[in-house]
Amino acid sequence: MDATLRHFRRSDAPACIVLPTGAGKSLVIAELARLARRRILVLAHVRELVEQNHAKYQAFGLEAGIFSAGLGRKENQHQVTFASVQSLARNLEHFDDQFSLLIIDECHRVSENEESQYQQIIAALTQRNPGLKVLGLTATPYRLGYGWIYRYHYRGFVRATDTRLFEHCIYELPLPFMIRQGYLTEPTLIDAAIAHYDFSSLMPNANGYFNENELNSLIARHPRVTRAICEQIVELGHQREGVMIFAATVRHAREILGYLPQAESALIIGDTASDERDEIIRRFKQRDIRYLVNVAVLTTGFDAPHVDMIALLRPTASVSLFQQIIGRGLRLSPGKRECLIIDYAGSGFDLFHPEVGTPRPDSDSEPVQVFCPACGFANIFWGKTDSEGQVIEHYGRRCQGVLEMEGEKPQQCDYRFRFKECPHCGAENDIAARDCHQCGEAVVDPDDLLKRALQLKDAMVIRCAGVSFTNKDGRLRITYHDEQGEELHESFDLNHNGQRAVFNRLFGRRFNGGTEPRTFKSADEVITLSSRFTAPDFVVARRHKHHWRVRERLFDYDGRYRKANQL
């Protein structure tokens with residue numbers, strides 16, 4: 001509450017709060033609405049959430065309206081209104097009054113598309129009150145193919161460099177913290193010991209979902225797998241209070257149901273009638289049903305704290321959806337000690353540290369801490385460590401730290417660990433930049449440069465697998481080593497101001513992966529620390545009389561040509 005009040009007292013920028021499933025988002029919404037002096041609108045995408053949030057608010061002894069066709073109520077005269085997105089978007093003319101605060105539950109669902117229902121609602125309400133505050137709540141602040149839904153985290157780091165609807169994350173309760181403190185149930189993830197599906201040959205769409213016909217075809221080819229899985233679910237589930245089974249398709253769900261104990265099992269799909277669905281859920285919560293099979297309808301807004309086993313038989317490429325599904329089993333319940341999670345689909349997500357944004361470069365990469373030499377921020381990048389845990393390589397591009405000056409908007413630290421230098425003004429740009437962010441001129445495309453060089457008869461291009469330094473007659477001699485044994489050489493006189501400046505701009509600035517930029521004054525100093533220099537990915541030379549003269553060194557290459565030792 002305090003974080004929300006502090007933020008909106010000094011800013012109108014939309015903000016979000018991150019709370020794991022089971023952490024009490026409905027109670028937070030209710031308390032914020034209770035504290036409000038002016039009109040409040042609370043949005044949710046499914047009627048279950050509208051009803052759940054409304055019930056928590058009424059538990060304070062307060063009255064509020066519901067505007068949801070699915071719940072058969074269209075009330076808009078109360079100070080606080082709980083509404084479904086679909087119903088409100090179709091009836092915006094009934095909400096001409098000014099609202100001071102718009103709260104969006106499950107706010108990771110808000111699209112950037114201006115034609116979306118969420119955006120239409122926000123635009124209409126902002127037009128009526130330019131000072132409208134927008135607050136989102138979610139357990140999963142990211143979307144597949146989009147990344148993080150906010151830009152700045154209140155602990156001082158950047159999540160997204162592009163514009164986001166939610167400018168700030170103002171508060172977060174991490175899932176591991178909630179479990180350690182006993183506010184959520186410990187999840188126990190086990191491997192599917194009997195059988196599992198191999199969905200690796202199928203490709204998901206942009207939202208992480210798979211083609212239903214392709215899923216049915218794959219599952220139909222392996223009927224014994226489904227039977228073996230269900231036998232294991234029954235074997236492990238007969239001592240469990242509530243078992244939720246997530247199926248891939250309706251046909252798949254019906255097949256699963258046929259292998260489960262008839263008297264203890266039920267199925268909910270999108271076409272299940274509302275009355276029948278409510279009755280099934282009531283019986284499940286009362287423990288009359290032990291096994292509840294569903295197809296993509298009980299991932300959010302479903303609250304059954306006694307669930308202590310989850311079987312995932314459907315694939316997903318969305319870490320957000322995966323976490324939402326697992327969250328169904330993490331609420332506390334009397335006598336519940338842990339929740340058994342079995343992933344028969346081989347999703348491979350890390351529940352506590354999901355990979356969001358930059359994908360893991362390779363299987364050997366792990367999260368590493370890299371301090372920014374400019375602002376001191378402790379970045380977390382993909383990287384590699386040695387046997388003693390020291391970082392030997394990282395893949396970070398730009399510092400994620402946020403610089404906040406009083407009276408000014410927060411800005412991301414502009415220090416870059418990997419960069420492309422503008423040939424016109426010398427500014428450092430992202431390695432994928434096409435135009436310089438400072439002077440606006442076109443930045444050399446490394447692929448075009450390599451393509452032109454490879455077409456020249458008097459040019460040599462090597463994939464640089466490493467670099468070594470020697471002292472030759474007081475000059476620093478650099479040897480670039482190709483992966484197949486070719487070599488190129490060049491020398492710098494570090495006693496000469498101009499050549500020393502060029503060397504330090506190329507190599508000193510990138511020393512130790514860009515984490516310790518420094519100025520070198522002598523060849524011996526360079527040689528002493530030679531193992532910590534960053535080598536270029538490609539070196540281009542042109543023939544000059546009887547030897548090769550280095551013309552270009554491509555650092556931090558990101559393009560279509562293969563680098564050294566890449567297969």
Check against side-chain contact (heavy atoms from CB on, under 4.5 Å), M244 and L298:
CA-CA 9 Å; M244 291 188 70; L298 299 179; 3.8 Å; yes
Determine whether L173 and Y183 satisfy the following criterion, side-chain contact (heavy atoms from CB on, under 4.5 Å), listing intermediate values before the conclusion.
CA-CA 11 Å; L173 277 177; Y183 296 115; over 6 Å; no
Mark yes when over 12 heavy atoms from residues, nucleotides or ligands other than [X] sit less than 6.0 Å from its [atom1]; otherwise mark no.
{"X": "Q127", "atom1": "CD", "answer": "no"}
{"X": "R560", "atom1": "CZ", "answer": "yes"}
{"X": "E93", "atom1": "CD", "answer": "yes"}
{"X": "D448", "atom1": "CG", "answer": "yes"}
{"X": "E114", "atom1": "CD", "answer": "no"}
{"X": "R128", "atom1": "CZ", "answer": "yes"}

Does R164 make a cation-pi contact with Y146, if we ask for NZ or CZ under 6.0 Å from the ring centre and within 45° of the axis?
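The answer is yes, since R164 meets both limits relative to Y146.
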Relative to F99, does R38 satisfy both conditions: NZ or CZ under 6.0 angstrom from the six-membered ring centre, and within 45 degrees of the ring's axis?
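Not flagged: R38 not positioned over aromatic ring of F99.
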Could you give the distance from OG1 (T126) to CG (N129), rounded to the nearest 0.5 Å?
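Atom-to-atom, T126:OG1 and N129:CG are 8.0 Å apart.
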Less than 4.0 angstrom from a charged side-chain N to a carboxylate O is my criterion; do [X] and [Y] meet it?
{"X": "E428", "Y": "R509", "answer": "yes"}
{"X": "E106", "Y": "R109", "answer": "no"}
{"X": "R73", "Y": "E75", "answer": "yes"}
{"X": "K420", "Y": "D558", "answer": "no"}
{"X": "R277", "Y": "E48", "answer": "yes"}

What are the two closest heavy atoms between [X] and [Y], and how far apart are they?
{"X": "N429", "Y": "C436", "value": "OD1-CA, 3.3 Å"}
{"X": "G426", "Y": "E421", "value": "O-CG, 3.7 Å"}
{"X": "K133", "Y": "F8", "value": "NZ-O, 3.3 Å"}
{"X": "F377", "Y": "C399", "value": "CB-SG, 4.0 Å"}

Is the distance between the ring centroids of [Y] and [X] under 6.0 Å?
{"X": "Y57", "Y": "H78", "result": "no"}
{"X": "Y395", "Y": "W382", "result": "no"}
{"X": "F419", "Y": "F555", "result": "no"}

Among R398, R397, R418, which residue satisfies the salt bridge (Lys or Arg N to Asp or Glu O under 4.0 Å) criterion with D430?
R397
Worked check of side-chain hydrogen bond (donor to acceptor under 3.5 Å, both in side chains) between Q324 and T140
CA-CA 8 Å; Q324 292 282 359; T140 52; 3.2 Å; yes
Parallel, tilted or perpendicular, judged at 30° and 60°: which one describes the rings of [X] and [Y]?
{"X": "F82", "Y": "H54", "answer": "perpendicular"}
{"X": "Y557", "Y": "F538", "answer": "perpendicular"}
{"X": "F417", "Y": "Y415", "answer": "perpendicular"}

Go through E338 and T188 one step at a time and tell me if the side-chain hydrogen bond (donor to acceptor under 3.5 Å, both in side chains) criterion holds.
CA-CA 7 Å; E338 45 88 49; T188 302; 3.0 Å; yes
Could you go through the side-chain contact (heavy atoms from CB on, under 4.5 Å) check for K384 and E366 one step at a time?
CA-CA 6 Å; K384 298 179 181 179; E366 59 181 309; 5.7 Å; no
